K.L.:
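Sharing a structure with you now.
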2 protein chains.
Amino acid sequence: MTIKRIAELANVSSATVSKIINGKDKHISEATRQKVLGIIEREGYIPNGIAKSLKMKRTKTIGIIMPDVMNLFFSEIARGAEDAAERKGYSVILCNSDNKQSKEEKYIQILQEKMVDGIILTASESSISKSLDRCNTPMVLVDRDIASDKKVGRIVVNNEEGAYNATNFLIKKGCKNIGFISADSKTKLSAARLRGYEKALIDNGLKIDKEKIFLQNYTIESGYQGTMALLMQTEIDGVYCGNDLIAIGAIKALKEKNIKIPKEVKIIGFDDISISQYIDPPLTTIKQPIYQMGEEAVEMLISMIEEKSIKMTKVLETILVERGSS
Amino acid sequence: MTIKRIAELANVSSATVSKIINGKDKHISEATRQKVLGIIEREGYIPNGIAKSLKMKRTKTIGIIMPDVMNLFFSEIARGAEDAAERKGYSVILCNSDNKQSKEEKYIQILQEKMVDGIILTASESSISKSLDRCNTPMVLVDRDIASDKKVGRIVVNNEEGAYNATNFLIKKGCKNIGFISADSKTKLSAARLRGYEKALIDNGLKIDKEKIFLQNYTIESGYQGTMALLMQTEIDGVYCGNDLIAIGAIKALKEKNIKIPKEVKIIGFDDISISQYIDPPLTTIKQPIYQMGEEAVEMLISMIEEKSIKMTKVLETILVERGSS
DNA sequence: ATGAAAGCGCTAACAC
DNA sequence: GTGTTAGCGCTTTCAT
């Protein structure tokens with residue numbers, strides 16, 4: 001069923017049907033309007049959005065590229081993004097990159113072929129600025145800091161400050177030997193959090209001890225292994241974890257070793273993913289407004305798409321949420 | 001940049017360029033092939049997939065409608081689905097319905113307008129069979145049982161059997177007073193799990209006690225409240241939870257009441273979402289092959305799309321994973 | 001080995 | 001108030 005067929009059935013032209021469908025019907029008589037609407041309803045006609053997109057040169061679709069939706073941090077961003085998109089009449093295509101540059105580049109290509117109106121890129125790694133510069137589609141980066149000539153939007157959080165506050169909190173709580181478990185500091189994100197940790201130590205007259213720093217991945221497994229490693233090689237009474245997943249792994253390791261949390265070792269995480277409040281003990285963490293980051297990303301993106309306005313960078317606040325783990 | 005422009009630059013026709021792009025170039029001379037490819041590369045030409053889709057009447061895109069990606073169960077399905085789709089050259093549009101019929105219907109409409117080649121519907125509720133019957137797009141239902149005249153694919157698990165096994169396991173472990181906390185049994189899914197629970201009780205000569213049954217939602221909060229309610233109104237030494245989220249809430253409640261798990265009360269869940277092994281104590285649960293369900297759903301869907309073959313229903317196996325909570 | 005041309009379903013400028 | 005028509009960028013049949 002096409003608009004043309006509907007037009008025939010109603011004895012009008014396809015232009016008339018088009019106008020009615022799109023609400024541009026101020027100059028259409030109520031009689032034909034009703035007739036056409038009736039036929040559309042009766043025939044169960046559904047407009048071909050692909051044809052419309054070809055003509056209009058917009059798809060009302062955005063792409064979102066992230067490492068992994070199964071990660072609670074990213075699934076919350078995805079949900080915030082999809083909700084905001086839905087409100088604005090956009091759909092979202094989901095792409096999981098596993099932080100692999102090759103997959104990111106492939107998806108950027110595919111999304112451009114699909115003529116998405118904009119792209120949201122979410123990850124923890126840096127790099128691929130080349131393929132970005134080549135890409136003319138509006139883009140906003142979330143939780144990610146890539147240098148690029150391209151005018152991209154950015155939704156960020158002050159990671160250094162957050163890590164500083166976390167470490168400082170542990171110190172105020174009396175910790176003297178604070179471990180740091182996070183992802184490889186080759187990524188800017190992790191590097192910023194490491195800087196915050198080190199700065200807090202220095203500002204409080206504590207010294208930086210390489211033995212207390214364990215860098216691997218943002219996973220539960222890494223948190224577990226890192227904690228076991230620190231326990232083995234040094235003394236700790238507090239651990240700042242690069243994210244909540246790591247903190248969950250750390251807590252697991254500590255429990256296995258029968259070390260009391262927070263009494264003997266205090267734990268603080270970063271993110272405040274949805275599960276963190278249900279962990280035992282409930283996780284003290286630096287809360288990022290994750291859902292909101294997804295929302296703001298698409299709102300910024302859509303304003304770039306529709307109004308061509310460019311608000312280049314939006315910095316969101318983190319807050320420390322104190323729960324039972326420290 | 002269009003195919004036509006590339007053709008001009010290469011002094012060939014757009015038909016020739018099209019053939020080269022699509023590998024239908026057996027009759028194209030290597031010279032022109034190289035020339036055209038060179039120009040495409042140099043100009044950074046990206047084919048317009050929308051125009052292609054209009055012509056070809058397929059978009060290589062599928063839609064997936066689920067209650068909420070932030071729920072670990074659904075995010076794992078989404079990941080399995082996206083991975084499988086990516087392998088087959090398809091993209092996926094993500095839609096969160098919050099289990100609301102109105103949103104599901106809206107998304108079904110939008111996905112049809114976007115001319116997706118197929119739709120995956122994942123949820124725990126029943127109903128909306130009307131809008132399904134009206135929809136001609138190939139569809140597969142995951143974890144969901146809706147009667148429909150339409151030829152839809154189905155990926156399911158034997159929920160009654162799973163719940164039976166779970167309850168039976170608790171009984172074999174010595175439990176005599178087993179609670180049941182799950183979602184409202186108006187949904188077929190929850191009803192099946194309730195039947196399994198009741199059947200296991202009866203088969204073991206235990207009797208069904210309404211006081212031990214708490215029906216609300218598939219959430220941590222419901223698990224917490226349900227456990228508190230059961231503790232108040234009856235005696236329990238084991239709880240079968242309708243899913244792992246409920247089990248997590250139940251564990252939280254038990255810990256607050258200083259009740260030892262599994263010594264005083266044993267807990268078993270359903271799903272085996274990714275976090276369950278990291279809970280304290282690690283959760284014993286009926287494992288569904290969640291990721292695989294997402295994969296199989298898109299594989300079935302794509303075979304329906306491409307080969308028009310219809311494998312109507314695929315039943316996947318659950319297995320009991322014993323961990324520390326019972 | 002290559003090209004001309006029709007047409008996918010829609011919108012919008014312009015006629016009437 | 002309503003209709004005619006020219007594309008949007010691509011694929012494909014049929015010529016040559």
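Just so it is clear, the structure is predicted and the values come from calculations on it, not from any experiment.
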K.L.:
Five pairs at each end of the helix from C:dA1-D:dT16 to C:dC16-D:dG1: take the axis at both ends and give me the angle between them to 10°.
P.N.:
40°

K.L.:
Tell me, please, which residues at least two apart from B:Lys88 pass side-chain hydrogen bond (donor to acceptor under 3.5 Å, both in side chains).
P.N.:
none

K.L.:
Under the side-chain hydrogen bond (donor to acceptor under 3.5 Å, both in side chains) test, which residues partner B:Asn48, sequence neighbours left out?
P.N.:
none

K.L.:
Going by the rule side-chain hydrogen bond (donor to acceptor under 3.5 Å, both in side chains), which residues pair with A:Ser91 if we only count those two or more places apart in sequence or in a different chain?
P.N.:
none

K.L.:
Quick one: list whatever passes salt bridge (charged side-chain N to carboxylate O under 4.0 Å, His left out) with B:Asp98, sequence neighbours left out.
P.N.:
A:Arg79, B:Lys103

K.L.:
Can you sort out which residues in residues 25-50 of chain A have a heavy atom within less than 4.0 Å of DNA chain D? Ascending by number, please.
P.N.:
A:His27, A:Ile28, A:Ser29, A:Thr32

K.L.:
Between P on C:dG9 and CD on B:Gln112, what's the gap in Å once rounded to a whole number?
P.N.:
16 Å

K.L.:
Taking side-chain contact (heavy atoms from CB on, under 4.5 Å) as the test, write out the residues that go with B:Met312, two or more places apart.
P.N.:
B:Lys151, B:Ile310

K.L.:
Does OP1 or OP2 of C:dG9 have a side-chain N or O of A:Thr2 closer than 4.0 Å?
P.N.:
no

K.L.:
Could you pull out all residues at least two apart from B:Lys314 that satisfy salt bridge (charged side-chain N to carboxylate O under 4.0 Å, His left out)?
P.N.:
B:Glu296

K.L.:
Figure out the CD/C1' separation between B:Glu8 and C:dG3, and round it to whole Å.
P.N.:
14 Å

K.L.:
Using a 4.0 Å cut-off to any heavy atom of chain A, which nucleotides of DNA chain D are the first and last in contact, reading 5' to 3'?
P.N.:
D:dG1 to D:dG9

K.L.:
If the condition is side-chain hydrogen bond (donor to acceptor under 3.5 Å, both in side chains), which residues does A:Glu30 pass it with, not counting sequence neighbours?
P.N.:
A:Arg33, A:Gln34

K.L.:
Extract from the structure each pairing of a protein N or O with an N or O of nucleotides 12-16 of chain C at less than 3.5 Å, listing the distance.
P.N.:
| residue | atom | partner | partner atom | Å |
| --- | --- | --- | --- | --- |
| C:dA12 | OP2 | A:Lys24 | NZ | 3.0 |

K.L.:
Excluding sequence neighbours, so at least two apart, what forms salt bridge (charged side-chain N to carboxylate O under 4.0 Å, His left out) with B:Glu113?
P.N.:
none

